[in-house]
Amino acid sequence: AVAVVRPRWYRMETVKQTIFLATKALMLAGCGRPQDRLQHARDLALAGHYKTALLEARAILLTLRDEQGDKVDSVRRGTLKLAGDLCAVYLDDPRCAAAEYRELVKRYPTAPEAFEARERLGDLDVRIGDVKGAIEAWRDQVANRRQHETTHERPLERFQQERALLRPLPAIPFDTDEVVPAVVSPH
């Protein structure tokens with residue numbers, strides 16, 4: 001192994017640059033359009049400042065919170081995807097990535113970003129030992145996308161058609177417990 005020795009001033013410049021970018025991200029956290037802030041987070045990621053980019057992405061999500069609208073949804077989808085990609089690819093944190101991708105899939109199940117997130121979730125769930133998550137990923141990626149043998153339709157498309165016809169669940173859960181005494185022979 002070859003050790004690379006860098007001069008002290010080089011390390012200080014790197015620290016100064018990181019502090020500058022972090023300060024800039026914090027200054028932008030409270031101001032600016034969400035689209036511009038998302039682009040800034042992407043620029044930070046491209047510059048190799050992955051943690052700072054993730055912090056900026058999370059600041060954007062906090063700012064957006066419960067806002068609604070097409071532009072807001074577009075920014076939120078992009079931000080969740082960026083945060084998941086940063087955690088999965090660059091920061092090697094599968095739990096963080098899975099959380100970001102699950103939020104994206106939960107909020108926007110039919111968005112193109114959600115389909116990409118579903119594909120990555122299966123691998124991430126296997127890495128972190130989440131069997132239930134891996135099975136859900138298989139269901140979403142394989143089972144719900146292939147044509148059903150009886151209906152000759154894809155289950156996901158059929159569900160989208162029938163969703164409007166479904167009735168909401170009752171406010172009080174139905175009691176399914178029925179206790180019946182039984183006499184059992186010892187033999």
Side-chain angles (χ1 to χ4, degrees), residues 22 25-26 28-29 33-46 48-148 153-171 173:
L26 288 173
L28 288 173
R33 294 184 355 208
Q35 299 92 330
D36 296 337
R37 293 177 59 205
L38 176 57
Q39 186 57 48
H40 176 68
R42 287 179 176 145
D43 292 342
L44 285 168
L46 288 174
H49 302 285
Y50 309 121
K51 288 184 180 180
T52 309
L54 181 60
L55 289 172
E56 177 65 19
R58 288 188 173 155
I60 295 167
L61 291 171
L62 283 173
T63 304
L64 295 177
R65 283 198 185 137
D66 298 326
E67 290 185 36
Q68 299 295 322
D70 291 340
K71 288 184 179 180
V72 172
D73 287 342
S74 174
V75 171
R76 188 178 288 122
R77 286 192 318 262
T79 305
L80 285 167
K81 173 105 173 40
L82 175 65
D85 291 348
L86 286 168
C87 289
V89 179
Y90 300 108
L91 300 176
D92 195 30
D93 186 351
R95 290 188 190 280
C96 166
E100 301 293 348
Y101 288 146
R102 279 197 184 94
E103 180 68 20
L104 174 59
V105 170
K106 183 176 89 175
R107 280 183 178 253
Y108 307 103
T110 58
E113 296 91 345
F115 289 116
E116 290 178 37
R118 276 190 196 94
E119 290 174 5
R120 292 191 180 189
L121 267 173
D123 297 334
L124 290 169
D125 289 331
V126 169
R127 281 178 61 193
I128 60 178
D130 182 7
V131 176
K132 182 182 176 204
I135 291 171
E136 289 174 357
W138 172 84
R139 179 198 63 205
D140 293 339
Q141 294 173 20
V142 179
N144 283 346
R145 290 190 179 195
R146 64 181 170 204
Q147 192 171 29
H148 192 272
E153 293 182 66
R154 292 188 169 136
L156 188 61
E157 293 170 2
R158 180 82 175 247
F159 177 70
Q160 295 297 336
Q161 293 171 357
E162 294 179 358
R163 178 178 268 170
L165 304 174
L166 295 174
R167 294 183 297 173
L169 292 172

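Worth saying up front: this structure is predicted, and the values here are computed from it rather than measured. All residue numbers refer to positions in the sequence shown, counting from 1.
Put simply, the residue from R37, R42, H40 that forms a side-chain hydrogen bond (donor to acceptor under 3.5 Å, both in side chains) with E56 is R37.
Partners of Q147 according to the side chain to side chain contact (heavy atoms under 4.5 Å, CB included) rule, which considers only residues two or more places apart in sequence or in another chain, are H152. Remark: E67 engages no residue in a side chain to side chain donor-acceptor pair (under 3.5 Å) (not counting sequence neighbours). For E103, the side chain to side chain donor-acceptor pair (under 3.5 Å) partners two or more places apart in sequence, or in a different chain, are R107. In this view, R139 satisfies the salt bridge (Lys or Arg N to Asp or Glu O under 4.0 Å) rule with no residue, not counting sequence neighbours. Remark: R77 pairs with E113 by the side chain to side chain donor-acceptor pair (under 3.5 Å) rule, at least two apart or across chains. The side chain to side chain donor-acceptor pair (under 3.5 Å) check on E157 picks up nothing, with sequence neighbours excluded. Listed by chain and residue number, nothing satisfies the salt bridge (Lys or Arg N to Asp or Glu O under 4.0 Å) test with D43 (two or more places apart in sequence, or in another chain). Taking the side chain to side chain contact (heavy atoms under 4.5 Å, CB included) definition, one finds that A143 meets it with W138, R146, sequence neighbours left out. Remark: R65 pairs with L62 by the side chain to side chain contact (heavy atoms under 4.5 Å, CB included) rule, at least two apart or across chains.
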Anything under 3.5 Å between a donor and an acceptor, one on a side chain of residues 79-97, the other on a protein residue two or more places apart or in another chain? List them.
unit_1, atom_1, unit_2, atom_2, d
T79, OG1, V75, O, 2.7
K81, NZ, D85, OD1, 3.4
K81, NZ, D85, OD2, 2.7
K81, NZ, E116, OE1, 3.2
D85, OD1, Y101, OH, 2.3
D85, OD1, R120, NH1, 2.8
D92, OD1, R127, NH2, 2.6
D93, OD1, C96, N, 3.3

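Distance check: H49 NE2 to L55 CG gives 13.0 Å after rounding to the nearest 0.5 Å. Rounding to the nearest 0.5 Å places NE2 of H148 at 9.0 Å from CZ of R158. Rounded to the nearest 0.5 Å, atoms CG (L38) and CZ (R76) are 12.5 Å apart.
Using a cutoff of 4.0 Å between basic side-chain nitrogens and carboxylate oxygens, R58 and E100 are scored as salt-bridged.
The backbone N or O of D70 lies less than 3.5 Å from no partner atom in the side chain of S74, so there is not a single donor-acceptor pair.
Evaluation of the ring-ring contact (aromatic ring centres under 6.0 Å, His included) test over residues 52-89, restricted to residues two or more places apart or in two chains, returns none.
A117 and V105 get closest at one heavy-atom pair: CB-CG2, 3.9 Å.
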